[in-house]
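Worksheet: one structure, shown below.
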Number of protein chains: 2
Amino acid sequence: MTSRGPGKRVRKAPAERRHEIVAAAAQVGLVEGLECITLRRVADELGVRPGLVGHYFPAADTLVAEAFTAATMADLDTLLPERPDGSGDHSRDDSGDGSARAVLRRFFTLMSSTEFDNVSRLWLNARHLSRYRPGLREHVIAQELLWCTRMERAITAGTEAGEFVCADPRATAVRVLVAIDGASAYINTSAEQRGAPITHLARTVAEAELGLGAGALEPAGESS
Amino acid sequence: MTSRGPGKRVRKAPAERRHEIVAAAAQVGLVEGLECITLRRVADELGVRPGLVGHYFPAADTLVAEAFTAATMADLDTLLPERPDGSGDHSRDDSGDGSARAVLRRFFTLMSSTEFDNVSRLWLNARHLSRYRPGLREHVIAQELLWCTRMERAITAGTEAGEFVCADPRATAVRVLVAIDGASAYINTSAEQRGAPITHLARTVAEAELGLGAGALEPAGESS
DNA sequence: TTGCTTATTGGTCGCATACTCAATAACATT
DNA sequence: AATGTTATTGAGTATGCGACCAATAAGCAA
């Protein structure tokens with residue numbers, strides 16, 4: 001990426017450099033795994049000496065934790081955008097098809113595409129690594145809460161709009177996410193044969209808990 | 001555990017020593033994590049020099065893989081015994097209840113008890129570590145298949161006995177296990193607050209898929 | 001008892017990690 | 001243009017890992 005001759009220095013504002021380091025670490029963690037976020041690895045990525053990374057993050061654990069948060073925050077915004085993208089007048093739009101259902105359908109479709117396998121790997125990675133790194137654990141817990149809240153809000157929106165029937169959106173959100181985590185647990189082992197019942201379990205759970213017909217959240221988009 | 005003065009040698013038959021090493025490694029992996037299965041750590045456990053462990057396992061990956069299999073095999077036999085343990089009077093205990101349901105109830109009860117948290121941790125650990133260690137990955141896949149088959153057999157038994165109603169025992173087994181893996185994903189992070197809906201998701205899924213009433217597989221034993 | 005096989009030891013080597021710290025040079029301010 | 005701040009380097013320490021190998025001694029067989 002960035003290659004400079006030895007000895008050449010590029011001096012940046014601390015805030016910018018720090019952000020740059022976290023971003024590089026997040027990329028490494030997402031693609032290669034969180035245990036590959038090492039001072040040297042991140043430094044190489046930026047064309048910088050390892051000592052510099054160590055200067056900004058005296059404890060490596062902190063860097064791993066922040067990198068995880070940065071990565072998952074970006075992923076969440078892609079999978080479950082806070083506001084349906086480019087919708088100034090959504091209250092009028094969803095009168096026909098219902099945007100809440102579209103949001104969930106989009107979520108399940110993206111999540112089961114191979115493009116987001118790295119996200120599944122990252123979560124699996126982080127949940128295990130949290131066993132040893134308390135700094136990371138805190139960030140993982142915070143992200144779990146954030147994802148759950150975001151999902152709950154999507155469900156609540158659909159319920160209030162009359163699209164879903166759900167007595168306890170919070171509990172449903174939890175269960176749907178648990179089902180997703182169960183499916184993504186197999187990402188490194190039986191990923192190929194997970195095809196049939198595994199991938200669709202989360203979607204099935206969601207449809208059942210939201211009072212929707214089977215297949216209502218399927219990618220195809222054809223509703224009943 | 002085993003402490004000998006330095007220099008004192010205890011010479012054992014290769015097969016016995018090897019088995020001993022795997023057992024010690026399995027214990028370390030179960031309690032402290034698979035990445036703690038190191039030549040030195042296992043050697044310490046046995047009161048033996050590290051070189052010896054390296055002699056029996058020229059590639060450390062092999063030891064980790066075998067240790068995982070040893071640990072999960074033992075756990076599976078405890079959770080889902082091939083034949084109901086001490087089956088002298090269980091048919092009387094569950095009087096009229098049917099033993100297949102008792103087997104599953106026992107499984108869910110044990111699995112959600114804190115005593116088996118280490119088992120959940122081990123699976124989470126192994127599934128992530130499989131990303132980097134191909135030897136381990138093969139063993140994990142084999143164990144996934146074994147657990148699934150064992151669960152499928154329990155379901156099939158109940159179906160044939162008329163206790164359950166299930167069209168596709170295999171698919172149901174898969175889904176139940178996925179739900180369990182989803183719940184155990186939180187073992188290192190939100191373990192304390194997983195109380196409410198997380199733990200019981202797997203049981204709920206099982207009850208629904210087997211045509212049982214809600215709570216039919218609950219620990220208490222009181223159905224309907 | 002003597003001898004032989006080999007399980008076991010003790011040490012070394014190379015590599016990778018996090019972390020520390022004095023010296024240096026880039027940039028902003030004067 | 002001179003100066004001061006500080007971001008950045010380079011080198012060093014300490015720890016841990018797997019892997020390798022000659023020397024040793026334990027236990028069996030003759």
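Per chain, numbering begins at 1; letters A, B, ... match sequence-line order.
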Taking 4.0 Å as the cut-off, does a side-chain nitrogen or oxygen of B/Arg17 come that near to OP1 or OP2 on C/dA7? no
Here the distance between atom P of D/dC17 and atom CD of A/Glu35, to the nearest Å, is 16 Å
Any donor and acceptor pair, going by atom type alone, linking the side chain of B/Asn125 with main-chain N or O of B/Leu34 inside 3.5 Å? yes
Partners meeting side-chain contact (heavy atoms from CB on, under 4.5 Å) with A/Thr156 (sequence neighbours left out): A/Glu152, A/Glu160, A/Pro169
Distance check: side-chain N/O of A/Arg49 vs OP1/OP2 of D/dT8, anything under 4.0 Å? no
Among all residues two or more places apart in sequence or in another chain, which pass the side chain to side chain donor-acceptor pair (under 3.5 Å) test with A/Asp181? A/Arg127, B/Tyr186
Taking only side-chain N and O atoms of A/Tyr56, does any of them lie within less than 4.0 angstrom of OP1 or OP2 on D/dT8? yes
Could you tell me whether A/Asp77 and A/Arg150 have a side-chain N and a carboxylate O separated by less than 4.0 Å? yes
Trace of the salt bridge (charged side-chain N to carboxylate O under 4.0 Å, His left out) decision for A/Arg175 with A/Glu209: CA-CA 9 Å; A/Arg175 278 190 283 264; A/Glu209 298 233 355; 2.6 Å; yes
Do A/Arg9 side-chain and D/dT8 base share a donor-acceptor contact under 3.5 Å? yes
Using atom CG of A/Leu52 as one end and atom C1' of C/dA23 as the other, report the distance to the nearest whole Å. 15 Å
Separation of D/dA7 atom C1' from A/Glu20 atom CD, nearest Å, is 13 Å
Please give, in whole Å, the distance from D/dG10 P to A/Lys8 NZ? 12 Å
When you check every protein heavy atom under 4.0 Å of nucleotides 17-22 of chain C, what one-letter string (B, S, -) results, 5' to 3'? BBS---
Restricting to salt bridge (Lys or Arg N to Asp or Glu O under 4.0 Å), what partner residues turn up for A/Glu35, sequence neighbours left out? none
Return a table of donor-acceptor pairs under 3.5 angstrom between the side chains of residues 50-63 of chain A and protein atoms on other chains or two or more places apart.
residue, atom, partner, partner atom, Å
A/Asp61, OD2, A/Gly135, N, 3.1
A/Thr62, OG1, A/Ala59, O, 3.4

Taking B/Ala25's backbone N and O only, do any of them form a donor-acceptor pair with B/Glu45's side chain (distance below 3.5 Å, no angle check)? no
To the nearest angstrom, how far is A/Tyr132 atom OH from D/dG16 atom P? 16 Å
Short of 4.0 Å, heavy atom to strand atom, which residues of residues 24-32 of chain A count as contacting DNA chain C? none
B/Leu79: partners by side-chain contact (heavy atoms from CB on, under 4.5 Å), with sequence neighbours left out: B/Phe107, B/Leu110, B/Met111, B/Phe116, B/Trp147
Residue pair A/Asn188 / B/Arg137, side-chain donor-acceptor N/O under 3.5 Å: no
Atom pairs under 3.5 Å, N or O on each side, protein against nucleotides 3-6 of chain C: can you list them with distances?
residue, atom, partner, partner atom, Å
C/dT6, O4', B/Arg11, NH2, 3.3
C/dT6, O2, B/Arg11, NH1, 3.1
C/dT6, O2, B/Arg11, NH2, 3.1

Can you list the residues that meet the salt bridge (Lys or Arg N to Asp or Glu O under 4.0 Å) rule with A/Glu138, with sequence neighbours excluded? none
How sharply is the helix from C/dT1-D/dA30 to C/dT30-D/dA1 bent, taking the axes over five pairs at either end and rounding to 10 degrees? 0°
Suppose we screen for side chain to side chain donor-acceptor pair (under 3.5 Å). Which residues come up paired with B/Ser130, at least two apart in sequence or across chains? none
Please give, in whole Å, the distance from D/dA7 P to A/Ile21 CD1? 12 Å
Given side chain to side chain contact (heavy atoms under 4.5 Å, CB included), test B/Val174 with B/Cys148 step by step and report yes or no. CA-CA 6 Å; B/Val174 168; B/Cys148 188; 3.7 Å; yes
Checking A/Arg131 now: which residues fulfil salt bridge (Lys or Arg N to Asp or Glu O under 4.0 Å) with it, not counting sequence neighbours? none
